[in-house]
Amino acid sequence: MTSISDMIASARMIKGEASRAKSYLMRYDLPKSIDLMISALHAKSETPIVSADRIDIELMARDYCQEFDRNQYVREVLAKVDYSKPQYLNYSPEKEREVINRLVVIREKMEEIEMGEQAKKQKELLEKREALIAQGEELIRSGQLPKARVTLKRAAEQFGRESGVLARVGKALLDAKEAKDAREMFLQAIDLFPKDPDGYSFLVEACLAGEDLPGAEDAYLKAIKQFGEHPQTCLNLAKLYLRMRNRDKAEEFARRAYELDNSLAEAKTIMESAGYGGYDMDEREERPAGPARKPGSGTGSPSSGEVFNV
Amino acid sequence: MEASQNAKDSETILTLLAKMPMLKMFTRPQLAQILKFTKIYVYEFGESIIEEGHTGKTIHILISGSALVVKAGVKLGVLDKPGDIFGEMSVVDGSLRSASVVARRKTICLCINTAFIEGIGTDQDTILCQNILFRAISEILAARLRSMNEENVRLRAKLSKECPPPGKK
């Protein structure tokens with residue numbers, strides 16, 4: 001049997017919830033308002049409430065229902081479901097469950113509408129993004145490079161935080177021979193999405209297109225730091241060092257590539273041509289002391305990193 | 001809630017009854033008998049088709065529309081396939097409705113008042129109809145129980161993965 005103090009506590013709790021429910025309703029926070037009112041009405045139906053508290057709660061419930069029906073957003077939702085009657089909620093004592101059920105249903109409908117609107121908004125954003133990038137690419141094809149740059153930069157500004165966008169925009173700029181702008185895009189892409197290998201590949205490509213060999217070197221080293229040593233990456237870096245006339249480094253990375261994958265004949269060739277002729281990799285005899293492996297440079301087994309083919 | 005009652009509607013209802021999987025075991029004459037105790041109801045958005053805590057001897061079959069199953073203010077499920085049946089548990093054990101069913105858009109239901117069975121004809125006819133009806137309800141409940149068991153197993157697995165017992169990682 002419920003004690004008097006329990007009844008008083010319950011009544012206080014129910015009134016509190018009903019009051020907050022109305023407050024949220026007036027602020028157009030309908031989901032919270034509905035949840036609170038459902039809770040209050042459910043408690044009221046389960047708990048014996050007597051005398052003045054009971055009357056107060058019933059008045060509050062009636063008042064809420066009237067305010068609810070007047071709410072503009074509620075009217076809009078009801079119009080969407082072709083609800084024709086003037087009153088949606090109609091409270092009377094001992095009929096809490098009916099009101100609760102109606103609140104549950106309208107809440108669900110509101111969620112459905114909101115999800116539909118969010119999906120629609122997302123679709124619009126997606127279409128806008130694709131349209132901007134496509135427009136930029138079209139401008140490049142038609143030779144209008146200044147306009148293409150502006151359009152693609154706008155796409156990068158608006159949607160650059162989404163995965164893959166900066167790499168795509170950068171690639172389009174690179175194809176338009178705007179290596180410097182493309183490089184900026186790829187640097188941003190690597191910064192935001194360090195685990196996306198495309199950014200590194202394209203950055204190397206952009207640097208080489210702009211004859212920025214130190215930039216390409218830096219990109220390779222960043223990739224190795226992120227993904228670990230990969231035989232093809234090491235080989236490509238070795239080739240780059242040859243172009244930079246840095247034989248020591250060329251030999252070092254060719255050796256690393258060969259150690260990771262001894263089918264890479266090109267790596268062996270580079271090692272030999274880098275000035276250490278007669279070097280027998282398999283025997284490892286009389287090998288000049290090379291530079292120490294950099295920390296985190298792998299254990300000799302192929303890493304799971306991507307191939308950077310330049 | 002609107003209800004249909006005229007003769008033209010009776011033919012429509014008989015055709016609908018014959019299509020219902022639950023009633024496929026009844027012969028056409030038996031269905032015609034059941035028809036006397038069957039009505040089509042149309043429910044508006046938010047209207048309760050069944051109320052939790054009430055008594056009930058009616059079985060409802062969804063013809064069109066959609067309804068929410070609600071218990072203690074919590075949404076339990078959705079009925080949205082034509083032929084979905086609800087309200088049968090109270091018919092079997094005579095207990096109060098365990099949950100409410102509320103229309104979430106304009107919904108049309110076939111409502112069979114099972115109190116009919118007592119007045120359907122001879123005692124043999126009554127027994128036969130009762131048997132067929134309860135057999136049909138048993139199949140529905142068995143399928144639901146099977147589905148709930150699977151859901152139970154799935155939820156337990158998920159729970160033990162997300163909240164392992166103390167002492168285990």
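Here the structure is a predicted model, which means the values were calculated and not measured. Letters A, B, ... mirror the listed sequences (proteins, then strands); counts begin at 1.
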Item to check | Option that, when pairs with chain A are counted at under 4.5 Å, heavy atom only, ranks first among B/Arg104, B/Lys106, B/Lys75 | outcome: B/Arg104

Next on the checklist: Walk me through whether A/Lys44 and A/Glu94 qualify under side chain to side chain contact (heavy atoms under 4.5 Å, CB included).
Outcome noted: CA-CA 9 Å; A/Lys44 199 254 175 196; A/Glu94 310 313 319; 4.1 Å; yes

Checklist entry - Tell me, side chain or backbone of A/Asp82 under 4.5 Å from chain B's heavy atoms, or both, or neither? => result backbone

Next on the checklist: Which atoms of A/Leu103 are under 4.5 Å from chain B, going by heavy atoms: the side chain, the backbone, both sets, or neither?
Outcome noted: neither

Checklist entry - Can B/Glu51 and A/Lys95 be said to form a salt bridge (charged side-chain N to carboxylate O under 4.0 Å, His left out), step by step? => result CA-CA 10 Å; B/Glu51 279 251 16; A/Lys95 299 252 177 175; over 6 Å; no

Checklist entry - In terms of heavy-atom proximity below 4.5 Å to chain B, should A/Ile38 be classed as side chain, backbone, both, or neither? => result side chain

Item to check | Contact class of B/Arg105 relative to chain A, heavy atoms under 4.5 angstrom | outcome: neither

Item to check | Criterion side-chain contact (heavy atoms from CB on, under 4.5 Å) against B/Val69, the qualifying member of B/Leu79, B/Val78, B/Val102 | outcome: B/Leu79

Checklist entry - Does a donor on one side chain and an acceptor on the other come within less than 3.5 Å for A/Asn101 and A/Arg97? => result no

Checklist outcome for this item: If you tally heavy-atom pairs under 4.5 Å between each of A/Val104, A/Leu78, A/Leu89 and chain B, the highest tally belongs to A/Val104

Item to check | Interchain contact, A/Glu108 with chain B, by part (heavy-atom threshold 4.5 Å) | outcome: side chain

Next on the checklist: Centre-to-centre under 6.0 Å for B/Phe45 and A/Tyr88, is that the case here?
Outcome noted: yes

Checklist entry - Out of A/Ile190, A/Leu187, A/Leu192, which residue meets the side-chain contact (heavy atoms from CB on, under 4.5 Å) rule with A/Leu166? => result A/Leu192

Checklist entry - Between B/Ser160 and B/Arg156, does any side-chain donor sit less than 3.5 Å from a side-chain acceptor? => result no

Checklist outcome for this item: Turns out that what part of B/Ala67 lies under 4.5 Å from chain A's heavy atoms comes down to neither

Checklist entry - For A/Ser45, is it the side chain, the backbone, both, or neither that has a heavy atom closer than 4.5 Å to a heavy atom of chain B? => result neither

Next on the checklist: At a 4.5 Å cut-off on heavy atoms, which part of B/Glu52 comes close to chain A: side chain, backbone, both, or neither?
Outcome noted: both

